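Report on one structure; see the data block that follows.
The sequence lines fix the lettering, A, B, ..., with proteins before strands; numbering per chain opens at 1. Since the structure is predicted, the reported quantities are computational estimates derived from the model, not experimental observations. All values below come from the heavy atoms of this structure, side chains included, with hydrogens, waters and symmetry mates left out.
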Number of protein chains: 2
Amino acid sequence: MSVRHPGVSTDDCPVREILDRVGDKWSVPIVVLLGERGHRFNELHRRIDGISQRMLTLTLRTLARDGLVSRTVHASVPPRVDYELTELGRTLLVPVRALDEWAREHRDDIRAARQRHDAG
Amino acid sequence: MSVRHPGVSTDDCPVREILDRVGDKWSVPIVVLLGERGHRFNELHRRIDGISQRMLTLTLRTLARDGLVSRTVHASVPPRVDYELTELGRTLLVPVRALDEWAREHRDDIRAARQRHDAG
DNA sequence: GGGGTTACTAACAATAGGTAACCTAGGAGC
DNA sequence: GCTCCTAGGTTACCTATTGTTAGTAACCCC
């Protein structure tokens with residue numbers, strides 16, 4: 001814990017705080033789809049390959065808690081719940097898309113590096 | 001698995017692939033410090049608050065496998081190992097910094113939203 | 001009463017991450 | 001000659017978190 005070399009603690013590293021929220025398995029796919037347009041629960045469930053109902057519930061709940069997603073219940077029958085990005089959620093879309101673009105550009109580089117590594 | 005509504009599967013979502021690598025607890029702090037300059041093993045160990053030797057080893061190993069970090073062993077006594085970002089690793093710094101900037105700008109919004117949520 | 005919609009819970013499995021002890025090799029102290 | 005120190009790990013073991021499957025509830029339409 002040097003003072004001259006200030007280190008990276010969780011407290012003074014906001015990006016870690018964000019990745020703790022958004023770096024989980026499902027937040028980014030949800031945010032990306034909601035960035036496209038609002039979705040209903042089962043609509044998300046159908047479009048996100050492999051997600052379980054439980055994880056969709058939990059992840060939407062966390063995103064709503066953090067003010068990134070809004071949840072609107074319509075008192076209709078059958079019940080209907082719409083999820084959308086909030087203003088804050090839409091701003092998050094910008095760096096997420098930057099990461100997405102990087103990923104698309106460099107996924108082959110990473111795969112190649114991994115193969116070189118595993119072979120050599 | 002609708003065909004008309006192409007969903008987000010892990011296969012066609014490169015950003016998920018990246019977050020599976022880099023969304024863990026320690027990769028980003030390491031990449032950020034190495035973006036500053038090259039570091040030796042124990043230098044990283046000292047500057048990253050709370051990381052264990054084991055996790056530092058494991059994370060550096062994965063980053064090296066994916067071609068993001070280079071590892072140079074000097075055959076001296078005591079041994080000396082330098083870690084640096086590769087060219088690929090330096091390009092990753094760009095979107096990571098975008099996320100970092102977002103995090104710094106909006107951490108208060110998220111904290112406020114969470115408090116509102118937990119209170120209400 | 002069967003089925004679609006939204007959601008919750010319990011029970012369980014897999015993974016991530018932490019702790020602590022040990023290894024290597026040479027040099028210093030004694 | 002023996003012990004301890006250092007840098008950079010490895011190994012074994014344990015727990016906490018994450019995620020899965022499956023089952024249930026409630027609601028109302030047909």
As a quick check of understanding, evaluate side chain to side chain contact (heavy atoms under 4.5 Å, CB included) for I51(A) and H45(A), giving each step before the final call. CA-CA 7 Å; I51(A) 196 171; H45(A) 192 206; 3.9 Å; yes
Main-chain N/O of L85(B) paired with R90(B) side-chain donor or acceptor, under 3.5 Å: yes
E17(B): which of K25(A), R114(A), R107(A) passes salt bridge (Lys or Arg N to Asp or Glu O under 4.0 Å): R107(A)
ring-ring contact (aromatic ring centres under 6.0 Å, His included) partners for H106(A), two or more places apart: W102(A)
Within the 4.0 Å limit for protein heavy atoms, which parts of nucleotides 8-22 of chain D are touched? Write it as a string from 5' to 3', B for base, S for sugar-phosphate only, - for none. BBBBB------BBB-
Grouping I, L, V, M, F, W and Y whenever their side-chain heavy atoms are under 4.5 Å apart, do L60(B) and V73(B) come out in a common cluster? yes
At a 4.0 Å cut-off to heavy atoms of chain B, the contacted part of DNA chain C spans dG17(C) to dG26(C)
If the threshold is 4.0 Å, N to carboxylate O, is there a salt bridge linking E101(A) and R104(A)? no
Short side-chain to backbone donor-acceptor contact, S27(B) and G23(B), under 3.5 Å: no
